[in-house]
Amino acid sequence: MSTTTTTSPTGSRPLPGLLPEHKKRITPKRPHDYLCWAAAIAVVAGLVYTTVTNENYQWPVVFSYFTTRSILDGLLLTLVLTVVSMGLGTLLGLLLAIMRMSHQPPISGLAGLYITFFRGTPVLVQLIFWFNIAALYPNVSLGIPFTDISTPVDVNALMTPLTAAIVGLTLNEAAYMAEIIRGGFASVSRGQYEAADSLGMSGFTRLRHVIIPQTMPAIIPATGNQVIGMLKGTSLVSVLGVAELLNSAQSIYARTYQTIPLLIVASLWYLIMTLALSVPQSMIERRFSRSTRRQAAVATATKESLL
Amino acid sequence: MKADGTIVARKLCKSFGSHQVLREIDLTVSAGEISCIIGPSGSGKSTLLRCVNGLETVDRGVLRVNGEDFGYVEKDNAYHAVRPQRLTEQRARIGMVFQQFNLFPNMTAESNVMSGPVLVKKTDRRTARERAQELLAQVGLSGCGHKYPAQLSGGQQQRVAIARALAMDPSIMLFDEPTSALDPELVGEVLGVMRDLAHNGMTMLLVTHEMGFARDVADEVLFMDDGIAVERGDAREVLANPKEKRTQEFLERVL
Ligand SMILES: Nc1ncnc2c1ncn2[C@@H]1O[C@H](COP(=O)(O)OP(=O)(O)O)[C@@H](O)[C@H]1O
Ligand SMILES: [Mg+2]
């Protein structure tokens, strides 16, 4: 019919301007898009309004205590507890993971029992339990079997609040780290072991250069999450009287009765620290993310230096 | 240390639990010979191949690779397992290529090829890298050394895997369905590399469904079914005029 160039493919009407294949596709904004924004803004505005106008927040008190000596000391202890418990927990977790993967049923069974027990009971209960362990074993004697060499140990004196805190957090963390590490090893296919074997690699070389680098994309992001969890989890040891961040805040408001402002102080510090950790964490996560080209992630994460 | 490139199996038996996967298999591959194992899925082809480099242990029978008992030493009416270190030495002289390539994803192509010499033979890195570049060129991949396996196509990955196995200077190469995981248009490039190897006198034992390749390149064909070596003989003879009924039926199905 029409000999002009712009006819729609359906051949109905001639169209002015753009060819149909060049036209933009537009999704109009719908009322509920605006509604969502309005609702969110209303909620935030309400929260801001009440935090500013409600005198009971006592913001001046918050600011005056934010960097007091005892709060900063508590903060430091929180960080120390996190690092120590996380470090020891990871080492013990590695040992447990290796035991769990053992081909000897008694060994893997033992590790399984440990993991089930420590993951199946609340950390808070475990912490209180360790603090009171002397009720169960008042005296133990450390010694070399079949000799006379031994020293009695007074468990009550040994199990200070800080020791109980570290022991409790470490033992609990180890159970979780064991599962994470085991998961990392499970993510390496059998073919990788076989390829290493077929080249004549020894068990150690195979582990060091082939297997461990490939477990990292599964282990590192999960461990990052554990660190953040541990940082917040240390607040539980306040019940044992360890003067970490929360306990330091509690000690102050026990005297001054400014409960809310001091809890805000503690919360803000926890928030700052978890945010500070979540930046590297999300970078790590993006790099290791399983869905998007796992192999490339392995490669960039663990540059093998045969070169 | 002998490495004459021969494989001899006599009455080889292997079971997984109560399931007997290899039933008294006989096999002889002379130096420089190309031997193909064919047969339906689940017939024990991979298991036989994996026994030859110790990825599976043999239950009973004789297995001599490179002129010596593999993985065991014969003493006082019994075979005694060798030390792990001895086993890795024996393995290092046998190259293996897998269906799923199994390249190390944490290493570049070049590092994959260097991994055997550097980590096992303790060759110095410079020599190992030069050799790796030679081998990559040999499989048609010069210039791809810096790439990671994830950046290579299946065919390229399999050729890197072949180069990696060759880097150990093996006297025998084993291939377990090296082209089965590849898109059809990539099969040719891998078979081409294998053909070159065959012409250069490498002893090769391979499981394959590429009957054309078997006919062109193989000296011997072994047809396996249900753990039994049903028929063995000259490749072109077996493929063209199979004597056994089961071989005939199988070939009719695949050709
Ligand atoms: N590790 C194993 N454990 C138990 N059974 C196995 C194992 N490997 C192989 N099999 C069994 O042995 C038989 C032969 O397997 P395989 O050698 O892989 O056959 P093919 O390579 O000819 O397809 C199959 O029935 C398979 O299920
Ligand atoms: Mg198979």
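Fair warning: this is a prediction, and the values are worked out from it, not measured in the lab. All chains are named by letter (A, B, ...) in the order of the sequence lines, taking the proteins before the strands, and each is independently numbered beginning at 1.
- For Leu55(B), the part lying under 4.5 angstrom from a heavy atom of chain A is the side chain only.
- Atoms CZ and CD, from Arg50(B) and Glu194(A) in turn, are 4.0 Å apart once rounded to the nearest 0.5 Å.
- Of all heavy-atom pairs spanning Asn102(B) and Ala195(A), the tightest one is O-CB, 3.5 Å.
- Between atom CG of residue Asn106(B) and atom CD1 of residue Ile212(A) there is a gap of 11.0 Å, rounded to the nearest 0.5 Å.
- Put simply, the side chain of Pro213(A) does not reach to within 4.5 Å of the side chain of Met107(B), judged on heavy atoms.
- Minimum interatomic distance between Asp197(A) and Arg91(B) (heavy atoms only, all atoms of both residues): O-CD, 3.3 Å.
- Leu103(B) and Gln192(A) get closest at one heavy-atom pair: O-NE2, 2.8 Å.
- Closest approach of Met201(A) to Phe104(B), counting heavy atoms only: CE-CE1, 3.9 Å.
- Shown here is Phe16(B), whose CZ atom has more than 12 heavy atoms of other residues, nucleotides or ligands within 6.0 Å.
- Heavy-atom minimum distance, Met168(B) versus Leu199(A): CE-O, 3.3 Å.
- Within a 6.0 Å radius of CD in Gln85(B), other residues, nucleotides and ligands contribute 12 heavy atoms or fewer.
- Counting all heavy atoms, side chain and backbone alike, Ser198(A) lies closest to Asn53(B) at CB-ND2, 3.7 Å.
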